[in-house]
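Remarks on the structure that follows.
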Amino acid sequence: MTNYQNIASADIRKYVWHSIQEAGLLDMNNYYIDELGDALVPIIPTQQIPEFNNLLPGKTYMIYDFEVKNVPVQWWMTEEAFTLTVISQDYDLINSITNLVHDLFRRYDESAKDLNVYLANDTDFLYRHIAIDSIMSPEPFSSEGDYQMASVMFTYVYSRKTDENGRF
């Protein structure tokens, strides 16, 4: 039976978090919450900002959203746009994270291949290509010591495992 809770953006989030840690830009141990007994992943849907700020004030984090584009005539392919916004008090860290994401997703088919290899069989999706749409530089501080934000927008195309009737 199909699990309709599985979404492609969760794979993207997982891969970006893994890559940020591998690059040494952020450390999972800095996002550990004693009350929860676990570390939080600092890439959250936009709706969770208040909770994250209350649990880990002052930490660099990212928010994301995604949009499913029109279904093409090749209905087995899906295109989504993903926006990742980096929020931090560290200008250089913001640029480092956006540069990493740029490097991860700028190579179209090759970027999708890397994502597929990382995910192996731990996904319902096969990524076809990924492309950077735009990167917005960090916005200026509104007051000294305040947060800055920068965004990376990219598009990815994937197909999903289907049955003989083309259903998920």
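Counting from 1, the numbers follow the sequence of the chain as shown.
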Q: Mind telling me whether Tyr15 and Phe105 have parallel, tilted or perpendicular rings, with 30° and 60° as the class edges?
A: tilted

Q: Mind listing the closest non-hydrogen atom pair of Leu93 and Leu25 along with its distance?
A: CD1-O, 3.6 Å

**Q.** Any pair counted as salt bridge (Lys or Arg N to Asp or Glu O under 4.0 Å), so long as it reaches residues 9-34, sequence neighbours left out
**A.** Lys14-Asp122

Q: For Asn165, look at atom CG and say whether over 12 heavy atoms of other residues, nucleotides or ligands are found less than 6.0 Å away.
A: yes

Q: Would you confirm whether Thr85, through its side chain, and Ser151, through its main-chain N or O, come within 3.5 Å as a donor-acceptor pair?
A: no

Q. Side-chain heavy atoms under 4.5 angstrom apart, residues restricted to Ile, Leu, Val, Met, Phe, Trp, Tyr: same cluster for Leu100 and Tyr108?
A. no

Q. Which distance, rounded to the nearest 0.5 Å, do you find between the CG of Leu40 and the NZ of Lys59?
A. 11.5 Å

Q) If you take all heavy atoms of Tyr147 and Pro57, which pair is closest and at what distance? A) OH-C, 4.1 Å

Q | side chain to side chain contact (heavy atoms under 4.5 Å, CB included) assessment of Ile12 paired with Leu84 | A | CA-CA 10 Å; Ile12 299 293; Leu84 180 73; over 6 Å; no

Q | Close side-chain approach of Val101 to Val86, heavy-atom, < 4.5 Å | A | no

Q: Determine, using ring centers only, whether Phe82 and Phe66 are less than 6.0 Å apart.
A: no

Q: Output the rest of the hydrophobic cluster of Val157: all Ile, Leu, Val, Met, Phe, Trp and Tyr residues reachable through side-chain heavy-atom contacts under 4.5 Å, sorted by chain and number.
A: Val71, Trp75, Trp76, Met77

Q. His102: what forms a ring-ring contact (aromatic ring centres under 6.0 Å, His included) with it, not counting sequence neighbours?
A. none

Q. Same cluster or not: are Val117 and Val16 linked, directly or through other Ile, Leu, Val, Met, Phe, Trp or Tyr residues, by side-chain heavy atoms under 4.5 angstrom apart?
A. no

Q) Would you say the side-chain atoms of Tyr31 pair up with the backbone N or O of Asp38, donor to acceptor, closer than 3.5 Å? A) no

Q) Under a 4.5 Å cut-off applied to non-hydrogen side-chain atoms, are Tyr61 and Asn53 in contact? A) yes

(Q) If the condition is ring-ring contact (aromatic ring centres under 6.0 Å, His included), which residues does Tyr158 pass it with, not counting sequence neighbours? (A) Phe125, Tyr127

Show every donor-acceptor pair shorter than 3.5 Å between a side-chain atom in residues 129-139 and any protein atom, with sequence neighbours excluded, or say none if there are none.
residue: Asp133; atom: OD1; partner: Thr155; partner atom: OG1; Å: 3.2
residue: Asp133; atom: OD2; partner: Thr155; partner atom: N; Å: 3.4
residue: Asp133; atom: OD2; partner: Thr155; partner atom: OG1; Å: 2.4

Q.
I need the single residue from Glu79, Arg128, Glu80 that forms a side chain to side chain donor-acceptor pair (under 3.5 Å) with Tyr156. Which is it?
A. Glu80

(Q) For a quick test of reading the model, state the closest non-hydrogen atom pair linking Met62 to Leu26 and the distance between them. (A) CE-CD1, 3.8 Å

Q: Indicate if Tyr118 and Val41 have the same hydrophobic cluster label, given that clusters are the connected sets of ILVMFWY residues with side-chain heavy-atom separations under 4.5 angstrom.
A: yes

Q. Out of curiosity, does Leu55 fall in the hydrophobic cluster containing Ile87 (side-chain heavy atoms, cut-off under 4.5 Å, transitive links)?
A. yes

(Q) Hydrophobic clustering (ILVMFWY, side-chain heavy atoms < 4.5 Å, transitive) - are Ile20 and Met149 grouped together? (A) yes

(Q) As an exercise, state the distance from CD of Gln89 to CD1 of Ile94, rounded to the nearest 0.5 Å. (A) 9.5 Å

Q.
The criterion is ring-ring contact (aromatic ring centres under 6.0 Å, His included); which residues satisfy it with Tyr32, sequence neighbours excluded?
A. none

Q) Which distance, rounded to the nearest 0.5 Å, do you find between the OG1 of Thr46 and the CZ of Phe52? A) 14.0 Å

Q: State whether the side chain of Asp103 and the backbone N or O of Asn99 hold a donor-acceptor pair below 3.5 Å, judged by distance alone.
A: no

